[in-house]
Amino acid sequence: MGLAEMEPVDVKLTDYRMKVYLAVAAIPQGKVSTYGLVARHIGCSSARAVGQALRVNPFAPDVPCHRVVRSDLKLGGFGGRTDASALARKRDLLLSEGVKFVDPDTIHPDSLYDFSQPAG
DNA sequence: CATGTGACGCCTG
DNA sequence: CCAGGCGCCACAT
């Protein structure tokens, strides 16, 4: 095993990242939002940059990063990974919170939270 | 300062 | 439905 693999991931908490974490913390249980909607909510036009910030989440589980999915309502990634086992954990977490799925990999639109309503 | 890399998203063919 | 192409932008190198 290479030494690099055991290095701790040093997370630089920039203003941008904090904005992302704050926004994600507002997503209620049983709902999801999308990378793009989070980006818009914090005044940014790059969903990719939101994904970058969520690759490492130093505030789990207070910041429920598993509640952020792609705009097509497929899962995206989890724990910095996009492989099947990581996505299966993300799906199980969402299922346990009451998020509805239309198929094993796609969330039902009813479960979308778009930040427009204060009380979900 | 230049370049590469994504947990993205939209448009085209 | 499935590729590509490209804009996007924070971060690492």
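Throughout, protein chains are lettered first and strands after them, A, B, ... in sequence-line order, and every chain is numbered starting at 1.
- As rounded to whole Å, 8 Å separates atom P of B/dG9 from atom CG of A/L37.
- With rounding to the nearest 0.5 angstrom, the CG atom of A/L75 is 5.0 Å from the CZ atom of A/F101.
- Where A/V69 and A/S46 meet DNA chain B, the nucleotide closest to each residue was compared, and A/S46 sits on the side nearer the 5' end.
- OP1 or OP2 of C/dC11 lies within a sub-4.0 Å distance of a side-chain N or O belonging to A/T14.
- Within 4.0 Å (heavy atoms only), A/G36 reaches sugar-phosphate atoms of the nucleic acid but no base atom.
- Across the protein-nucleic acid pair, A/M18 atom CE and C/dC11 atom P stand 12 Å apart, rounded to whole Å.
- Taking atom CG on A/L75 and atom C1' on B/dA7, their separation rounds to 10 Å, with Å as the unit.
- The side chain of A/Y16 approaches C/dA10 more closely than any other nucleotide in the set C/dA12, B/dG6, C/dA10.
- Remark: the A/R48 side chain and the C/dG7 base include a donor-acceptor N/O pair separated by less than 3.5 Å.
- Note: CG (A/D83) to C1' (B/dA7) measures 11 Å, nearest angstrom.
- Side-chain proximity of A/T82 to the nucleotides C/dC11, B/dA7, C/dC9 is greatest for B/dA7.
- Using a 4.0 Å heavy-atom criterion, one finds that A/R55 contacts the bases of the nucleic acid, with or without backbone contacts as well.
- In this structure, the NZ atom of A/K19 is 11 Å from the P atom of C/dC11, given to the nearest Å.
- For the pair A/K74 NZ and B/dC8 C1', the computed distance is 15 Å after rounding to whole Å.
- Looking only at distances, a side-chain donor or acceptor of A/K90 sits under 3.5 Å from a matching main-chain atom of A/G77.
- Between C/dC9, C/dC11, B/dT5, one nucleotide has an atom nearer to the side chain of A/Q52 than all others, and that is B/dT5.
- At whole-Å resolution of the value, CG in A/L87 and C1' in B/dC8 are 15 Å apart.
- For B/dG9, one of the phosphate oxygens OP1 or OP2 lies less than 4.0 angstrom from a side-chain nitrogen or oxygen of A/S71.
- Ring geometry for A/H66 against A/F78 counts as perpendicular: the plane angle is over 60°, on a 0 to 90° scale with 30° as the lower cut.
- A/S111 and A/K31 share no side-chain donor-acceptor pair at under 3.5 Å.
- Annotation for A/D15: atom CG does not count as buried by contact number, only 12 or fewer foreign heavy atoms lying within 6.0 Å.
- Atoms CG (A/L73) and P (B/dA7) sit 19 Å apart, rounded to a whole Å.
- A donor-acceptor contact under 3.5 Å links the side chain of A/Y35 to the base of B/dA7.
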